[in-house]
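Remarks on the structure that follows.
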Amino acid sequence: MRYRAEMKVICDEGDELDRDKIEYMPAEPSTAMAAESSVKEFPFTAIAGQEEMKRALLLNLINPYIGGVLIQGERGTGKSTAVRSLARLMGEQLSKACPFGCDPETPYRWCPECRTRAIGVEKRPMKVIDLPISASLDRLVGSMDLETALLEGKKRFEPGILAAANRNILYVDEVNLLEDHIVDALLDASARGENTVEREGISYTHPSRFVLVGTMNPEEGDLRPQLLDRFALVVNVRGEVDPSIRTEIMERKLAFDADPVAFGKRYEQEQQRLKQKILSARRLLGEVIYSGSQLNQIAGFAATLEVEGHRADLSMLKTAMTLAALDGRGRVIDKDLYDAAGFALPHRVKRDPFGEPIHDLDLLRTEWFG
Amino acid sequence: MTAHRTASAVYPMAAFYGSDHVRRAMLLLLVNPRIGGLLLLGRKGSGKSVLLHSLCELTQRPLVHIPLHATPDRLLGSLSLEAVLGRGEKVFEKGLLSEAAGGFLLMDDLSFLPESLLRTVLNTHGNGVLQVEREGLGHREHLDFRMIGSMNPEDGGLSASQLDRFALCVSLDDEVTEEGRAEILRRMMAFDENPTAFCRSWSSETDAIRAQIADAAERISKISLSNEHLGLIGAIVRDAGCAGHRGELALCEAARALAALSGREEILEADIIEAAKFALAHRMRDFSPKISAEDGHNEAQESAAPREESEVRPQEELTPSDEAQADAQEERLDPSDADLPPLASPERGNAGAEGQVPAEDSGRISNAENFPWEDLFSEGDLETSRPVQGGVDLIWPLRKQKALGDGRRRQLVHRSDRGHEIGYEIPIGKVKDLAIGATLRAAATDGVRATVRFGEGAAAVRDGEGAAAADFAGTCPAAKGADGREKSGRDVPVHFTGQISAESKKRDGRPCLDIRPYHLREKKKESTGGARILFLVDGSGSMGAKKRMQLIKGAVLSILGESYLRRDAVGVMVFKGTQAKLVLPFTRSIDRAKRVLEEIRTGGRTPLLLGLEEAAKVLKLDRMKHRHPAHLLIVVSDGKNNVFPGGCTGTDGAFLLEQTGLRLRNSGLHAVVIDTEHGFMRFGYAKRLSDALDAQYVDLSDKIEPRRWT
C-alpha cells in the first residue's frame, strides 16, 4: 500500500526508548499516484438518488468533527461508491510534513516529532483510507519495521492505517464483520484521538483523529453497540424504487465503465461547484450560531428519547450547525434540528430487548422541531 | 516521560458536571497511595474515559495508559533489542508496569483487555513485585503503583476476585436532569471549539483541586484510626458480608483520605460511613455493577444506615455479574469441574434444581446446574413478552468447559489464529503469524550465546552458558548461572566481545542479525468468540405446535438479544413432513432471525431421525469453518419419530433413536434435549434420546400444555 513506504519514524538507539528523540524520514511525494487513482473513482455528483446518504457524507466533509457516519443498507445501493467518490471532492489541507500530517494549528495534538523539532508545513490532499476487514492488528496500529530491525538493529515504528487516517477519512466496508480485537483498537483510538502502540518492543503515541465512515448490510450481523455509538450519524439506504432514477443509475454506470475519463469530464463542472459549496460551508461553519434555547431543546429532546450518554447531544448540535452552513445560513433553525435528529439519533433511541425503538423518533421530532 | 503526557488537551476534571462522588473517589486515590486501585463503572458515553484521563492534569506522578492491544513484552518489559544488537549487551528494557512505578496505571475499557494481561497487572499490583523471567533474562523489582480502571458493566463483568483487587469502586450515574444535560452539552461544545482556552477558563478550579490534594497528601500521614474506628469498620464490614479482608483495609485507607481531604486530622464517623460506600459496594455478596438512579439511592441509604446494609440489598439486584461471581465461587469449590464433560449430566441437573433460586424471584441463575430452563422457554411469545434475560445462559456449561480463563468473561475465551495477542510461542509446523520482536530477540540472544561460546573471557563463558541453559529450559533466567551478575544487580549489562555473533555478518559496518528457522516465534492469540448454537425444532403438525414455535422464537431471540456480549450465533433447523431444513443459517442478526422465525409454518409428520442426521451434518460443516467456538445442538421435540428410513418400522423407533443418539455423541456433539411431550400417556422417548446423547435434559411438558388432570 502506498502510505506504507511514505512514513517511517526511527526511534533513537538506546537502552530505554526515549520518545523525545525520534528521527523522521521525509515522506516521498506520491501526489501523482493519488491523482491517478482518483480519476478511477465515480464522481460523487454523478450518483443518482440516495440524497440522505450523500448529505450525511457531505456533512462530515464540511465538519470533520461531527464524528463519522454509518451507512446501513442492502447490497448494491451505491454505499461504497459514494464513500470512495468523496476522494475527489476533498481538497487539500495544511499539514505538518510529518508522517501523521499533524494540524499546524493545534499544537496540543501534535505527534512527538512535531513537538520536538521544527517541521515545515505543506499542503496535502485529504484521502479516504481503507480499512479492509481482513487487516491485521499490526497493520492497523503500526508495528516494528522489520527491515530496519534486521539490517540496522534499530527499532523503528512503522506507522499503520491509524496513522494514515489521521485527519482523513477512515473507511471500513462491512464494518459489522470486523473482528473484535480490531474493533477494540478502533474504539481506543477514536475515543482519545490518538493511537498508543505498546507492542513488540515498540512504544509510540501519535495523533489519530479520523472521520470514521462505515458501511454495512444489517442482514450480515449486527454491529457491536460500543462501535455503533461512536458513529455520530446513521443513514439507512434502500434501493431506489423510482424507475426513472433506476434507469439513470444504469445509464451513468454504463457510461462510466465505458470511459471513466470522459465521464469524469462530463461531471467536472458540477464537481467543482460542489467543491466550492463545501469550501464556503466550511468557512461559514465557524460563524454559525445557535441559541441557548435551541441547546436546551436538544438536551430535552435527547432526554425524552432516553438516549444513553452524551455523545448524541453533541453530534446532534454539530450536525445542525453543519446543516445550516451547508445551506449557507449563519444560524441554526428548527429544520436543521429536525434533520439533525434524523441523522444523529436513530441508533441511540432506547430500545426494547428485541431491538425495537421504544420511542417514535419521527413522530417526536416532528412534534419538537417540525 | 510517558506517552500519556503528550495528550495535553485533556478535559479538566473540575469541569466535569455531576457525579461528585466519583470525582471524590478519584481524589481519594490521588491523596492516599495506600488505596491501591479504583474502578469506575459507567455506561457508554457517560464520561468514564474523560474522567480517567483527567487525572493527568492533577498529578506529577507517572501516568501510564495500557492500550487494549498492548503485548506482554511491552507490559512486563523484555530484552532490549537495540542494546543487544548495537552493543552486544543484554539489557532489560522496562515495560509499562515499571514505568508506572510510583504513579498511576490507567486501564480504559477494562472488559476488553485480554484476560492474561489483566491477570498480570492485578497480580503484580497485588504482590507489589514485578518478576519477569523470559528470553534468558531475569528481572525482579518492587513496584508500587495505583491502578485506575473503567468499564461498562454491559460489556461483561469482572469476577468477584478481580473486583476485590480494586480497593474502591464507584458508578457514574448518568441520570441527569434536562438542565444538567444542557450544561454538559454546553461545556462539551466549548471544549471542542477550543480545548486550550477551555482548560484555561477552568484553571483556577483545577488549581484549587491540586492544592486540596497537596494539602491532604501532606496531612494524611498524621491521621490514624482509633480502636473505636476500627470497631465500627469491623462491624460495618461484617454486616455487609464481604469476603476477605481487602474491604476493611480499603475502608480504613479511604476514611483516612476523606478526613485528610476535609482538612481534618481526626476521623469522624461520617468519614467511615462515606468510605464504606466506596470500598464495600463491590465486595458485597450480591453486588452487581448495575448503574441506575435507584442504585445511587441505595448507596446513600446504606451510608446513612450501614448496619442495615445486608438487609437493604435485596435479591432483585442480581444481574449478570453475579454469574461471574457464581463462577468464581463454584470454581473455588470444585476446581476439577473444568475437566468434567461439558454438559452437566441429567442427575446433576435435577439435583441442582431442588430448592434453588426460585425463578420468579430473581430471573437469574447462580450456576449452571439450577438454570431455570423452563423459565427461558416460558416467555417465548413474540408478541406479548420480552425474552427472558437469563436466556443467554443456555450454553453456560459449554462456556465453562471451553473457557481458558477463570470464567470471568461472559464470553468464550479460546486460543485461536485470531484475536488479542497474549504472547508468543515456538511454532509447530509452518509459521502463520510471525512475532517479529520475539523472533529478533531470539536470534539476537542466540548470537550473544554463540559469541560467548567462541569467546575468550572465562566469566563471559559462564554467563553465556547460563543463557544457553536458560534458553533450553525455556523459562529460567540467564542469571541463574551468572553469580557475578547477581551481585552487581540485574540491570547492569553483561558485556561481551564487540562482535555480536559468530555467525553474524556486518553490513556497512553495522551489525546484522542472522535469523535461523529455529529462531522463529509465532504470535499466541486468544479470542473471545461466541458459541454456535443450532436449534433442531419439531415443525410437525402435532399437538402444541404453535406454542412450541413461540417458545423457540423466544429462546432464539433472547440469545441473540445479548449476542453482542458473547458473539453467539444461532441457527434454526426445522424438521417436518419428510425433510429437515436449515431455515435460519447461523446468524448474529436479530433482524434476520426475527424475520425467518415469523415465517415458519408447522404441519406434517415428524422425521426426528432425519432431523438429527441433518443437524449433525450442518454442525460438522460449520465446525470446519469455525474451528474454535463451541458448538451446541438444542433439540426441541417430544421424541416421537414417525418417519423412518427405508425398511424400518415404527417398532424400532426408540431403538433407532438411541442408536443415532449414541453415534452423534461419539462424534463429539454437545446437546441439550428439550422434551415437549405432553399428555397423560408419556413414552419418554426424548428422555431416552437425551441419555443416549449424554445431553442435558429439560422437561417442558407443562409449558406446552398444562396437565389436564390437575
Side-chain angles (χ1 to χ4, degrees), chain A residues 13-17 19 65 108-109 112 115 137 141 143-144 146 149-155 179-181 184-185 187-188 191-192 194 196-201 203-205 218-222 224-226 229 295-296 298-300 302-303 308-314 317 352-355, chain B residues 3 6-9 43-46 49 65-71 73-74 78 80-83 85-86 91 93-94 96 109 112 155 174 178 181-182 184-186 188-189 192 195-196 386-387 418-420 435-437 440 507 510-513 527-528 557 561 564 587-592:
Chain A
E13 184 182 332
D15 295 352
E16 276 198 53
L17 193 62
R19 285 181 207 82
Y65 297 119
Y108 48 87
R109 287 206 190 102
R115 281 161 190 274
L137 190 59
V141 302
S143 60
M144 186 193 289
L146 188 57
L150 283 183
L151 293 179
E152 295 165 32
K154 278 184 193 166
K155 278 197 287 202
E179 283 178 51
D180 280 355
H181 64 289
D184 290 345
L187 290 176
D188 217 12
R192 297 183 308 121
E194 58 180 23
T196 302
V197 184
E198 295 288 354
R199 297 166 54 78
E200 295 269 357
S203 179
Y204 200 83
T205 297
E219 290 220 339
E220 286 163 358
D222 291 327
R224 262 170 68 182
Q226 308 90 0
D229 193 47
L295 187 138
N296 292 339
I298 291 177
E308 236 177 53
H310 301 279
R311 286 196 190 101
D313 312 24
L314 193 62
L317 180 52
D352 69 11
F354 287 120
Chain B
T6 59
S8 63
R43 291 216 186 89
K44 51 180 189 268
S46 59
S49 310
H65 167 248
I66 303 189
L68 294 177
H69 42 73
T71 53
D73 67 304
R74 276 301 302 144
S78 65
S80 164
L81 193 64
E82 287 154 335
L85 288 179
V91 175
E93 184 175 84
K94 291 194 170 185
L96 293 173
D109 275 331
F112 302 133
D155 296 336
D174 48 5
E178 256 180 63
R181 237 188 142 106
I184 291 173
L185 180 55
R186 208 166 281 133
M188 284 196 298
M189 278 306 279
D192 259 31
T196 336
R386 301 169 161 204
R418 296 153 166 233
H420 280 292
I436 298 172
L440 294 181
R507 202 173 290 174
R510 287 177 307 203
C512 78
L513 271 179
S527 77
T528 51
L557 293 179
Y564 65 87
T587 182
R588 288 206 311 252
S589 162
I590 294 189
D591 279 358
R592 192 163 165 197

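Note on naming: letters A, B, ... go to the chains in the order of the sequence lines (proteins, then strands), and numbering restarts at 1 for each one. As the structure is a computational prediction, the values presented were derived from the model and not from experiment.
Interface check for chain B: of the options A:Ala302, A:Ala191, A:Ser143, the most heavy-atom pairs under 4.5 Å are formed by A:Ala302. Among the candidates A:Ile298, A:Leu317, A:Val197, A:Asp184, the residue making the largest number of heavy-atom pairs closer than 4.5 Å to chain B is A:Asp184.
With sequence neighbours left out, the side-chain contact (heavy atoms from CB on, under 4.5 Å) criterion links A:Ala185 to A:Leu137, A:Leu140, A:Val141, B:His69.
Proximity of A:Asp313 to B:Ile184: side-chain heavy atoms (C-beta onward) are nowhere separated by under 4.5 Å. Annotation: side chain of B:Arg43 is not in contact with side chain of A:Asp229 (no heavy-atom distance under 4.5 Å). By the 4.5 Å heavy-atom criterion applied to side chains, B:Arg74 and A:Ser203 are counted as neighbours.
In this structure, A:Glu198 CD and B:Asp73 CG are separated by 9.5 Å, a value rounded to the nearest 0.5 Å. Summarising the geometry, atom NE2 belonging to B:His65 is positioned 9.0 Å from atom OG1 belonging to A:Thr205; distances are rounded to the nearest 0.5 Å. For the atom pair CZ of B:Phe112 and CG of A:Leu187, the computed distance is 6.5 Å after rounding to the nearest 0.5 Å.
Minimum interatomic distance between A:Ala299 and B:Arg181 (heavy atoms only, all atoms of both residues): O-CD, 3.4 Å. Smallest separation of non-hydrogen atoms from B:Ala182 and A:Asn296: CB-OD1, 3.2 Å.
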